Amino acid sequence: VTRASSWLTSPWLTIRLQIALGVIFVAASLPKILDPPAFAHMVYNYRLVPSPLVNALALAMPWFELLAGAALVLGIWKRTAAISLVGLLSIFILAIGINLARAHPVNCGCFDVHAVGKSPEELLADMRWVLLRDAGMLLAAALVLAGIRKPAASAASVAGPSR
Amino acid sequence: MSVKRFVAEWAALAGTAAACALVSNLLAAPQRKLDWAGRYPDATSVPAQASATAAPESRPPAAEPPQGSTPSGAAPQIRPTASAGAAPAPRKRIADAKTHSPTQASSPLPSPSPPPAAAVPAVASSGSAFAPHPKEPWVEISSEQVKELFDRGAPFFDARRTADYEAGHIAGARSIPVWEAGVEDKVKKIYQEGLDPSAPIVVYCSGGECEDSHMLAKKLWDIGLNNVLVYKGGFPDWQKRGWPVHQGPRP
């Protein structure tokens, strides 16, 4: 068990997760940045954000995703960036979860800001997958954080014996 | 890492994000631009499932526009603040505090005498009876009724995105993309044109699940237009029937 947990937080894994997460967030941010009105529509469809904040969120959040993702890829401020991703992913999970619970079908708007012509049932099924995916990414972000938290000495001792 | 450092770094990230958003929105093409403060009906209430598409929407207090806090105490806002149960809330006469100064106590509407509320069918029946419906933001009508109004020369408004409009729209329809910046100005312009409030007006978007036409209808109803009709089939239906279509940025 300890071996598994130390492998999960080993730099070998967490650095890969860190870069993968960063790339995913950068990729997800671009369509939203390129078409704010379309993303505002997505945000509105969730029916969770108060009217005056819909547009401001649609304008600013994608840039935050981009910056936090880029920081992770580049390894700058990675702990702050990883915590930010944990926060964002928690919000996404909550937003999808609430709408799933009240059976309100929404287009995810995660990577694509244009509504796909799907039936409500298909959308609800998609939302369950999104929930799972976000949970996986949340776990990855938590591992990245745990890897950063681990002191350099113990990280070396984990990497040591395998060589 | 100290909490202090985290807060500082996070604030730098968020601040940079906000600054980037500000600049990119300033530089964006008009059709990619978004107003920072949006005004949406029912932003936090879940719409009823497809069964209630024809019903007028109720307006919860959460959907109040951000301009509610006007300092002028003497300004009577005609807009009701609370929705009265299930009954359709009384309409607000002044749509936009930005558009019309709240100090104007008298109604700035062209204000012809309101049409008689009696004998107004909830749904425009077939034939040429398109009676005004001041109590409902919109009424949905069939393709044939839309065509009839088209032939009569009724004004048409296209709620879709500019790119969709330019790719093809109902001949003569004007573009008011509800999701793009400047929608309030366009609505204000229509208000200033002083259209006959009880004359039929058709709004449409892409049909199907598209709700943009309803959102536009609500905005037009808010400026006092009593006969906004939603073409539920929208542009795809129009195109399918081979009725007149124009392309490009002009109606």
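Quick caveat: nothing in here was measured; it's all calculated off a predicted structure. Letters go in sequence order (proteins before strands), and every chain restarts at 1.
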Applying a strict 4.5 Å limit to non-hydrogen atoms, the region of Leu48(A) in contact with chain B is backbone
Using non-hydrogen atoms only, which part of Ala38(A) is less than 4.5 Å away from chain B: side chain, backbone, both, or neither?
-> both
Can you name the nearest heavy-atom pair linking [X] to [Y], along with the distance?
X	Y	value
Ala21(B)	Ala60(A)	CB-CA, 3.9 Å
Ala43(B)	Ser51(A)	CB-N, 3.4 Å
Asp42(B)	Arg47(A)	O-NH1, 2.8 Å
Arg32(B)	Asp35(A)	NH1-CB, 3.7 Å
Ser24(B)	Trp63(A)	OG-NE1, 3.4 Å
Lys33(B)	Pro37(A)	O-CG, 3.4 Å

Do [X] and [Y] have side chains that approach each other closer than 4.5 Å (heavy atoms only, starting at C-beta)?
X	Y	result
Trp77(A)	Leu13(B)	yes
Glu211(B)	Tyr44(A)	no
Pro47(B)	His104(A)	yes

Determine the option with the most heavy-atom pairs under 4.5 angstrom with chain A, choosing from Ala18(B), Ala12(B), Ala14(B).
-> Ala14(B)
Between the main-chain N or O of Leu34(B) and the side-chain N or O of Asn55(A), is there a donor-acceptor pair closer than 3.5 Å?
-> no
Check the angle between the aromatic planes of His41(A) and Trp179(B) and answer parallel, tilted or perpendicular using the 30° and 60° thresholds.
-> parallel
In sequence, state the C-alpha distance, the side-chain angles, and the governing distance for Trp10(B) and Ile83(A), and then conclude on side chain to side chain contact (heavy atoms under 4.5 Å, CB included).
-> CA-CA 9 Å; Trp10(B) 190 89; Ile83(A) 294 173; over 6 Å; no
Counting only heavy atoms not in Trp36(B), do more than 12 fall under 6.0 Å of its CH2?
-> yes
Should we say atom CZ of Arg102(A) is surrounded by more than 12 heavy atoms from elsewhere, each under 6.0 Å from it?
-> yes
What distance do Thr16(B) atom OG1 and Leu67(A) atom CG have between them, rounded to the nearest 0.5 Å?
-> 6.0 Å
